[in-house]
Peer 1: 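This is the structure I want to talk about, given as structure tokens.
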There are 2 protein chains.
Amino acid sequence: MKTYFDCIPCFVRQSLDSVRMVTSDEEIHEHLLREVLQALGKMDLRQSPPVMAQQIHRIIRALTGRSDPYHDMKDQSNRLAMNLYPELKKRVERSADPLETAVRLAIAGNVIDMGINSHLTDEQVHEAIAHALEAPFDADLEVFRRSISDAENILYLADNAGEIVFDKLLIEQLPLEKITVAVKGSPILNDATMDDAESTGLCELVKVIDNGSDAPGTILDDCNKTFRQHFDQADVIISKGQGNYETLSDVKKNIFFILKAKCFVIAKNLGCEVGSLILQKSGLPASAVQVK
Amino acid sequence: MKTYFDCIPCFVRQSLDSVRMVTSDEEIHEHLLREVLQALGKMDLRQSPPVMAQQIHRIIRALTGRSDPYHDMKDQSNRLAMNLYPELKKRVERSADPLETAVRLAIAGNVIDMGINSHLTDEQVHEAIAHALEAPFDADLEVFRRSISDAENILYLADNAGEIVFDKLLIEQLPLEKITVAVKGSPILNDATMDDAESTGLCELVKVIDNGSDAPGTILDDCNKTFRQHFDQADVIISKGQGNYETLSDVKKNIFFILKAKCFVIAKNLGCEVGSLILQKSGLPASAVQVK
């Protein structure tokens, strides 16, 4: 995705959010802000947002000495989502179209994004679920259904902790033997890592790998060999969240982007309203679509 | 006012807003962002917001070669407010308490603040008027009324273009012979300058001076001698808007701050909700209050 300069003030806000989670010492806040501002001032401002966020959060971790500032919030999100899971699973199974309901819920889970809102309340998660189940959903589910059915290897790119429990609801509606889920290689924002996949039972359901990267998206050149092999071999990729969209929207693969458009920058890029539910196939030429 | 680091991302956003008004050339946007980020990275981040904004907008003007990026928007705001003026004046005169109605409308006019919202629509101005006339208003108007009546010299610190037409409605309810209005010395954001005071007829009503400064607030050390004399001699100061509050809230003078709390930082400082109508006397010790 083309980068918008509007992301720059948002990075500064995000940095402040992060450091405040770790310490209330205003000297450290100021020091961090200064470092981040100077780093941004020298960065190529046209890189995709996750490339820049990766560099910024490395500064935050180095300066605060905390390798995982969002650790407690990730645990909390996982617990919240696990508590909701049994009821949501029933909801999926009893619905007229379980796949559609599961996609809608996977999108609802995408609201758990501490890069956008680090003060997310349980109530907001409940509201996101209610909204996702009722909101207009302008997606070609049949193309998604057919691609899933035709695929041999499906790579599911997870996004955030907590959200991966919502992903589990969707993954359960897919052919499990074809699925590999990829999480991040190490902590970045509240993105899901292997710890989250294990604690939420995802690893018992499907094969889970990590991508070896600490970017809040999928920067292919930054990913490990195992991930690259899975990515290359997959005939369908399911990409969750804004960060994965921002880094993969121009990649020539058969990708279904599933996300909630949570800020005006991404909404503008997708040509939708903020808050829209998105299931969008990558815009590769028809001849390149891997349909068997 | 104590500075909050939350203002820093807002400065970056404001810079982008400003440069986009002047040019659609993304090379210049990037250049400007980079300059502003680097400057902020070196600045004392504990200075009051207007001190920092003054430095940032000097960079913007130097880099774009435009001494007054908000010129057209200021003209537009003045025209909009002048069109509303006759109807609003009737409204003040016919109300049970013309001073209260005029204060409420002066607060409504404070919504015309391009530092906060450079995409303000006419509809939002109308909404602000309707809100200000109806909203709860937890102010001691009698103290204000008595101070005005007892004062010999009243200095009215104007805030923005367009807004000064709303100020005119309030000034008309005050003893005109006691009033001096101060505008900014040169363009900064959409703050009112002498041009705006002249084009909206304020200069025909009362004495208007400029403060000699290009800060979006009142930094006393940066103001000219004439302004300083008026400031020192005034026994009541009426201070409009956030910028003047941010720079004068700790100054030991008899100041009435009139504003709309438009962002969460100022609301937090004032201990109110965002959107509240504020008429607040400066918190100086009772013995220092100049009541005759």
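The sequence lines fix the lettering, A, B, ..., with proteins before strands; numbering per chain opens at 1.
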Peer 1: Salt bridge or not for K74(A) and D195(A), using N-O below 4.0 Å?
Peer 2: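 Between D195(A) and K74(A) there is no salt bridge, as every charged N stays at least 4.0 Å from the carboxylate O atoms.
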Peer 1: Heavy-atom distance under 4.5 Å between the side chains of E163(A) and D113(A), does that happen here?
Peer 2: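 No, their side chains stay 4.5 Å or more apart.
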Peer 1: Checking L16(B) against chain A: side chain, backbone, both or neither under 4.5 Å from a heavy atom?
Peer 2: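 L16(B) touches chain A through side-chain heavy atoms alone.
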Peer 1: Kindly write out the residues that satisfy side-chain contact (heavy atoms from CB on, under 4.5 Å) with D17(B), not counting sequence neighbours, or none if the list is empty.
Peer 2: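 For D17(B) the side-chain contact (heavy atoms from CB on, under 4.5 Å) partners, ignoring immediate neighbours, are R13(B), S118(B), H119(B).
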Peer 1: Among residues at least two apart in sequence or on other chains, which ones pass side-chain contact (heavy atoms from CB on, under 4.5 Å) with A130(B)?
Peer 2: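 A130(B) satisfies side-chain contact (heavy atoms from CB on, under 4.5 Å) with no residue once adjacent residues are dropped.
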Peer 1: With sequence neighbours excluded, tell me which residues meet salt bridge (Lys or Arg N to Asp or Glu O under 4.0 Å) with R58(B).
Peer 2: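 Partners of R58(B) by the salt bridge (Lys or Arg N to Asp or Glu O under 4.0 Å) criterion, ordered by chain and then number, come out as D214(B).
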Peer 1: Are a donor atom and an acceptor atom from the side chains of Y70(B) and D191(B) found within less than 3.5 Å of each other?
Peer 2: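 No - no donor-acceptor pair under 3.5 Å links their side chains.
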Peer 1: Checking an interface table here. Which of residues 28-44 of chain A come within a heavy-atom distance under 4.5 Å of chain B?
Peer 2: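 Against chain B, the residues of residues 28-44 of chain A that fall inside the cut-off (heavy atoms, under 4.5 Å) are H29(A), E30(A), L33(A), R34(A), L37(A), Q38(A), L40(A), G41(A), K42(A), M43(A), D44(A).
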